[in-house]
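All values below were derived from every heavy atom in this structure, side-chain atoms included, with hydrogens, water molecules and symmetry-related copies excluded. In listed order, ligands and their atoms are each counted from 1.
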Amino acid sequence: MANQYILLILSDPQATRNLRERVLVPAGFRVNVVKDWKAADEILQAEASPDLVILSEKLESRDRSGHARSLIKRFPFLPVLLLPNKISETGILQAIRDGYFDCLRVPLKPNEVLNTVNRALERRQGWIEYAREVARQSTAPMDQRIDSLEVIERIGRKVASSLDLDNLLTSVVEAAVQLCAAEEGSLLLLDESTGELYVRAERNFQQEMIDTFRLPVSDPLSAQVMRTGEPLLINEKTPRMINTSFSVYSLLCVPLMVHDHAIGILEVDHRQSGNSFESEQVTMLMALAGYAAIAIENTRLYLHSESERLKLESILTGIEEALVVVDHDRRLVLINRKACEAFGIAEQNVIGKRVSEVFPSSELLEILVDPDHTGPSRIEVGLADGRVLNAQITALPEIGLVVTMQDITHLKELDRIKGDFVNTVSHDLRSPLTAILGYLELIGRVGSLNPRQREFIHRIEISVNNITALINDLLDLGRIETGFDVRKEIVPLAVLIQYTVDGMKNRITEKNQSLQMVIGDDLPPVLGNPVRLRQMLSNLISNSLKYTPIGGTITVSAHAEAGQIILQFSDNGLGIPPADLPYVFDKFYRASNVPIDAPGTGLGLAIVKSIVENHRGRVWVDSAPGNGTRFTIVLPTAERDL
Ligand code: ADP
């Protein structure tokens, strides 16, 4: 009891000295003395409160506000001894009734005082131990519940963070056995092909049993759990056969539910008698079964999506087309083997890199690095080894750009051979045609012709001129496509437009059409071949005149914008049917609504397209039958091109 802390609330210095110096301090107690209630209150509220209080009757009898009573009430485990003025049986009795532990006898005898003090402290110790025991008993179930919740929470975290299903399900069964204080437990899953339940994870099962155990779903108990989706709790006095392989005294079995459908069961059991399961263990087992079901379903979904991903990946890798996908930041999302081969890119570690770091410079790279690419959806890409790819570019808002590319080298080669052939034939045809025209002219000079003969000769002349125009177009196209027009100079487009229009004045007047020109001030020049550019303008304007009826209006406009010149040729003529629109730039293509007698070879727009592309520009058409037609050409200005 020594070294315990005693508070003396005494106003009498004599009594204080007697108690403290002669009895308590020599006996090893720590003693604090206060003379009034205010100081006593401060000490009692401090953290290190005393183990015993001795209060003089003098102070108590002056205690109008009931401090002594309140002290006894507030600290029920704190024994308070009364130091009376004088001892009397009735006084002692009254003090004990008032809640004092005892009274000290006066005059004070050290042994007696120590006896009483020690008794009081022993009693206090007894009270404290009793209170602790009561508290322990009342919090034990709560502690157990907290432990259980911790185990369940740990399993929940594991489900969320691990993909190792074997390990996870074993942890679930172990937790089930631990929380239900069971002898053994197992997690059985339904084998859809045989309709049997097999052991997927277990705790304390014999190895032989794990290997051979198959429980038909027709087994009444498991069938009931699987069918109803409800838990089953059996606490039997006598062993009950669960199936032919084992018998138990008590069993707790809950279903593993996925989307209202049981995929297996989680069970714990006791093989020894005298143990049973509680209903609250059902709730815990249900929670664990819920986690197991989530883990199994997550794994199934993961494996499914992984196998779909692998399937897709092997399709993308295996296809003959080259494929490139980039995101909105122009970083590589996907590139297949074919594309890597084509551009000489090492397949490793390129995903996520910027296209400019990965791709060698090419026509394709120009489009891929353009953050707001809206241009053509098809381009031809020349490779270093001479091959040509046809690239389709598709913008997908939620991804970025998808580019698929086919090798069209053989088609380009065929096209070249065809072009060569046409060129040679056209060339060889031109001389005899010139001779025919020459002789036609001579016929009239060598003798007189009757009107019918003149008429026939005129028709022959028209036909030969048509064939010559066709041959000239073919030869031009051949030259442009083979890239012979390499010489380029600064061309003032505004002047060229004016010349071209001036050259067509007669045709405009003949058809009573009006031609308006809207040319921006200070239209910058382009770098190009003036002959070809004039041919381009001429083909487009003459088409507008040709396919616009008498009295129609044609507008030619040109303006500069961000280093580009935008040219537009609009008319209010017959328009082009939607079905023909994609093909009007093809060689020899004429739309279905062209009047039979409209002269033309179907090569004019093919020539325009070749010229525009040779000048690194783009051309497209907007049209609707009856609403007229508008051709747009975009060319880089000379400044940007240099
Ligand atoms: P063509 O010698 O037949 O004019 P082009 O190659 O110049 O051949 O034009 C191809 C076809 O495009 C034309 O046959 C016609 O159907 C259509 N086309 C071209 N320009 C116009 C236009 N301004 N208005 C309507 N159709 C046009």
Side-chain angles (χ1 to χ4, degrees), residues 415 418-419 422-423 426 429 462-481 497 500-501 503-505 507-508 510-518 531-558 566-615 617-634:
D415 209 37
K418 198 179 74 190
V422 172
N423 258 348
S426 315
L429 276 178
I462 291 176
S463 299
V464 173
N465 277 330
N466 280 347
I467 297 173
T468 311
L470 173 66
I471 286 170
N472 285 338
D473 276 355
L474 279 173
L475 286 173
D476 277 347
L477 198 56
R479 261 185 237 116
I480 298 164
E481 282 183 345
I497 296 171
T500 316
V501 171
M504 296 192 180
K505 281 252 163 70
R507 282 177 64 187
I508 298 171
E510 265 169 35
K511 281 185 90 175
N512 195 22
Q513 291 168 325
S514 76
L515 191 143
Q516 295 166 1
M517 279 201 288
V518 187
V531 178
R532 291 299 171 215
L533 289 173
R534 170 103 188 243
Q535 190 174 10
M536 171 193 89
L537 295 169
S538 163
N539 283 4
L540 288 170
I541 299 172
S542 72
N543 268 358
S544 297
L545 301 178
K546 184 164 57 172
Y547 297 113
T548 302
I550 294 171
T553 307
I554 292 104
T555 308
V556 178
S557 73
I566 322 285
L567 291 165
Q568 289 195 313
F569 305 83
S570 318
D571 60 55
N572 59 354
L574 51 107
I576 302 171
D580 293 311
L581 264 184
Y583 309 107
V584 289
F585 292 101
D586 290 356
K587 288 170 202 158
F588 301 110
Y589 195 88
R590 306 195 78 192
S592 49
N593 63 342
V594 169
I596 291 184
D597 56 348
T601 60
L603 286 173
L605 289 183
I607 291 174
V608 167
K609 186 162 187 263
S610 291
I611 295 173
V612 170
E613 284 175 357
N614 264 4
H615 287 78
R618 288 183 282 137
V619 56
W620 67 91
V621 58
D622 303 291
S623 181
N627 278 342
T629 304
R630 186 181 64 196
F631 284 91
T632 306
I633 289 178
V634 179

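Judged by distance alone, with hydrogens and angles left aside, the side-chain atoms of Lys546 form no donor-acceptor pair with the main-chain N or O of Ala598 at under 3.5 Å. Side chain of Lys511 to main chain of Gly552: no donor-acceptor pair is present (N/O by atom type, distance under 3.5 Å, no hydrogens or angles). Of the possible polar contacts, none joining the Gln513 side chain to the Ile554 backbone as a donor-acceptor pair under 3.5 Å is found.
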Donor-acceptor contacts, no H, no angles, side chain residues 573-587, under 3.5 Å, sequence neighbours left out:
unit_1 : atom_1 : unit_2 : atom_2 : d
Asp580 : OD1    : Tyr589 : OH     : 2.5
Asp580 : OD2    : Ser592 : N      : 3.0
Asp580 : OD2    : Ser592 : OG     : 2.7
Lys587 : NZ     : Glu481 : OE1    : 3.4
Lys587 : NZ     : Glu481 : OE2    : 3.3

For Asp571 and Phe631, run side chain to side chain contact (heavy atoms under 4.5 Å, CB included): C-alpha distance rounded to whole Å, both residues' side-chain angles, the deciding distance at 0.1 Å, then the answer. CA-CA 9 Å; Asp571 60 55; Phe631 284 91; 5.8 Å; no
Checking Val621 against Leu605 for the side chain to side chain contact (heavy atoms under 4.5 Å, CB included) test, could you report, in this order, the C-alpha distance in whole Å, the side-chain angles of both residues, the deciding distance, and whether it holds? CA-CA 11 Å; Val621 58; Leu605 289 183; over 6 Å; no
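Close contacts of ligand 1 with Ser544, meaning ligand atoms under 4.0 Å from a residue heavy atom, involve 23 (N). Ligand-side atoms of ligand 1 in range of Val594: 14 (O), 15 (C), 16 (O), range being under 4.0 angstrom from any heavy atom. Under a 4.0 Å criterion applied to the non-hydrogen atoms of Lys546, ligand 1 contributes the atoms 1 (P), 2 (O), 4 (O). Each of the following atoms of ligand 1 lies closer than 4.0 Å to a heavy atom of Gly600: 2 (O). Near Val584, the atoms of ligand 1 lying under 4.0 angstrom from a non-hydrogen atom of the residue are 10 (C), 12 (O).
Residue contacts with ligand 1 for Asp571 involve side-chain atoms from C-beta outward but no N, CA, C or O (heavy atoms, distance under 4.0 Å).
The closest heavy-atom contact to atom 25 (C) of ligand 1, among the options Phe631, Phe569, Phe585, Tyr547, comes from Tyr547.
Side chains of Val556 and Leu537 form no contact here, defined as non-hydrogen atoms less than 4.5 Å apart. For the pair Thr629/Asn543, no side-chain contact is recorded, criterion being any heavy-atom separation below 4.5 Å from C-beta on.
Geometrically, ligand 1 and Asn593 share no nitrogen or oxygen pair separated by less than 3.5 Å. By the 3.5 Å distance cut-off applied to N or O atoms, Gly604 is counted among the residues near ligand 1. Between Ala591 and ligand 1, an N or O atom pair is found at a separation short of 3.5 Å.
Nearest to atom 11 (C) of ligand 1 among the protein's heavy atoms is Tyr589 O, 3.7 Å. Here the protein heavy atom with the shortest distance to atom 6 (O) of ligand 1 is Leu605 N, 2.8 Å. Scanning the protein heavy atoms around atom 7 (O) of ligand 1, the nearest turns out to be Asn543 ND2, 2.8 Å. Ranking protein heavy atoms by distance to atom 3 (O) of ligand 1, first place goes to Arg590 NE, 2.5 Å.
Taking 4.0 Å as the cut-off, Gly602 counts as a neighbour of ligand 1 on heavy-atom distance. Under the 4.0 angstrom criterion for non-hydrogen atoms, Asn539 is not in contact with ligand 1. The shell of residues lying under 4.0 angstrom from ligand 1, judged by heavy atoms, includes Ile576.
Remark: Asn627 engages no residue in a side-chain hydrogen bond (donor to acceptor under 3.5 Å, both in side chains) (not counting sequence neighbours).
For the pair Val612 and Val619, the tightest heavy-atom approach, listed with the atom from each and the gap, is CG1-N, 4.1 Å.
Met504 CE to Ile541 CD1: the interatomic distance, rounded to the nearest 0.5 Å, is 5.5 Å.
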